[in-house]
Protein chains: 2
Amino acid sequence: MHIGTKGDYGVRALIDLAMYGGEGPVQRTEIARRQHIPDSYLDHLLAQLRRDGFVRSTRGPGGGHQLTRPADEICLLHVLESLEGSLAPLPCLEDDESGEPHSVCAQQWVWREIYDDMRARLAAVSLADLAAREQERLRSAVASYSI
Amino acid sequence: MHIGTKGDYGVRALIDLAMYGGEGPVQRTEIARRQHIPDSYLDHLLAQLRRDGFVRSTRGPGGGHQLTRPADEICLLHVLESLEGSLAPLPCLEDDESGEPHSVCAQQWVWREIYDDMRARLAAVSLADLAAREQERLRSAVASYSI
DNA sequence: ATGATCCTGACTAACTTAGTCGTGAATTCG
DNA sequence: CGAATTCACGACTAAGTTAGTCAGGATCAT
Ligand code: FES
Ligand code: FES
């Protein structure tokens, strides 16, 4: 379940869209600059998010990216699963659908509980929540500078 | 926090010791056979567990490995951290001690909660618990064969 | 048409994982 | 002693993942 730069950058990009995407599309370079993400890498992350229907992109001058749905209807769980693939800490916890009975060992039940709990928590957090938190973080950072 | 074969095999080996280690040392090859672990790989895992004080090994004929403490005093958390290193899902959640203020982004608090919860659950499970569960698993497997 | 912008896939370097293999050291037994 | 048994340790490798870069193409406003 490691969250690498894909997950972290991707979520930050979506938060950026939630915060600044109110007035038309936001350009990739802008997101990259604000969120400190390598521009050409962000390109791939946006492509993935587009494939999974989280963002809509328009080309040409004045183009950019925007969320396809209101920020409070997009949950962190789906975003991370889009960016990172399955978040299962063990292969035997992956939803297989193949019908093959994955091997089971004694510790599996603990991890099943942890995994379920984790998914529930991630599903309960929306982009709007995260954007609000980010606003607050920025506000307090500015405040501490001005002291 | 991915648990790879290291963590899975290592825990299974310790469960094996908890189950069969009552009467003197258990040999590596025996563990490997019972738990379906490559013998030469198990070697490394036992070395790690020895370094961290979970098992004691004796050489020569009749030698083998045994737990250094009663199985109900060894918790899954410490074992897995010995085998896999930090279980933190994000680098920014690692205990740094270096004093450098790791970067913080909006989603960190969710993961902090998930991580704390995970560690608490793992700390609450002992090798004895797992061994009991494994006994039960084996019993029911035998039962379903004999039907 | 031109220039801004997104879109796509090929490519790479560094790192991690899951082992194997060979040699050596300790211990017991005859 | 000497041989058999068992652990101990480090070098090595093959495959996969991560975190990108880069070049070139597609699309659209003007
Ligand atoms: S095989 Fe899945 S927890 Fe051990
Ligand atoms: S930097 Fe740690 S959660 Fe984003």
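Note that the structure is a prediction, hence the values are computed from the model and not measured. Lettering of chains follows the sequences in order, A, B, ..., and the numbering in each one begins at 1.
Between Leu93(A) and Trp111(A), the closest side-chain pair of non-hydrogen atoms falls below 4.5 Å.
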Query raised in the report: Run the side chain to side chain contact (heavy atoms under 4.5 Å, CB included) check on Val142(A) and Leu138(A) step by step: do they pass?
Result: CA-CA 6 Å; Val142(A) 168; Leu138(A) 290 179; 5.6 Å; no
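Partners of Arg69(B) under the salt bridge (charged side-chain N to carboxylate O under 4.0 Å, His left out) rule, at least two apart in sequence or in another chain, do not exist in this structure. Here Arg34(A) pairs with Asp16(A), Glu30(A) under the salt bridge (charged side-chain N to carboxylate O under 4.0 Å, His left out) rule; sequence neighbours left out. Under the salt bridge (charged side-chain N to carboxylate O under 4.0 Å, His left out) criterion, Arg133(A) pairs with no residue at all, not counting sequence neighbours. Applying the side chain to side chain contact (heavy atoms under 4.5 Å, CB included) test to Ala124(B) and every residue at least two apart in sequence or in another chain returns nothing. For the side chain to side chain contact (heavy atoms under 4.5 Å, CB included) test, residues two or more places apart in sequence or in another chain that qualify with Asp116(A) are Arg112(A). With sequence neighbours left out, Glu134(A) forms a salt bridge (charged side-chain N to carboxylate O under 4.0 Å, His left out) with Arg137(A). Residues forming a side chain to side chain donor-acceptor pair (under 3.5 Å) with Glu73(A) (at least two apart in sequence, or on another chain): none.
The span of DNA chain D lying next to chain A, judged by atoms under 4.0 Å from heavy atoms, is bounded 5' to 3' by dA19(D) to dA29(D).
Nucleotide dT8(C) holds its P atom 13 Å from the CG atom of Leu49(A), rounded to whole Å. Going from atom NE2 of His44(B) over to atom C1' of dT23(C) covers 13 Å, rounded to whole Å. Atom P of nucleotide dT8(C) and atom CG of Leu45(A) are separated by 14 Å, given to the nearest angstrom.
Using bins of under 30°, 30° to 60° and over 60° for the plane-to-plane angle, the ring pair His2(B)/His2(A) lands in the tilted bin.
With 3.5 Å as the limit, one finds no donor-acceptor pair spanning the side chains of Arg56(B) and Thr68(B).
Looking at residues 57-69 of chain A, you'll see Ser57(A), Thr58(A), Arg59(A), Gly60(A), Pro61(A), Gly64(A), His65(A) sit with a heavy atom under 4.0 Å from some atom of DNA chain C. For the segment residues 3-10 of chain A, the set of residues with a heavy atom within less than 4.0 Å of an atom of DNA chain D comprises Gly4(A), Thr5(A), Tyr9(A), in numerical order. Residues of residues 21-43 of chain A that place a heavy atom closer than 4.0 Å to DNA chain C, in numerical order, are Gln27(A), Arg28(A), Asp43(A).
The backbone N or O of Ser126(B) lies less than 3.5 Å from a partner atom in the side chain of Asp129(B), making a donor-acceptor pair. Distance alone, capped at 3.5 Å, places no donor-acceptor pair between the Glu94(B) side chain and the Ala88(B) backbone.
At a cut-off of 3.5 angstrom, the base of dT16(C) holds no donor-acceptor pair with the side chain of His2(A).
Salt bridge absent: Asp39(B) and Arg33(B) never bring a charged side-chain N and a carboxylate O closer than 4.0 Å.
Under the 6.0 Å distance and 45° angle rule, Arg119(B) counts as a cation-pi partner of Tyr115(B).
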So which protein N/O to nucleotides 11-14 of chain C N/O distances come out below 3.5 Å?
none

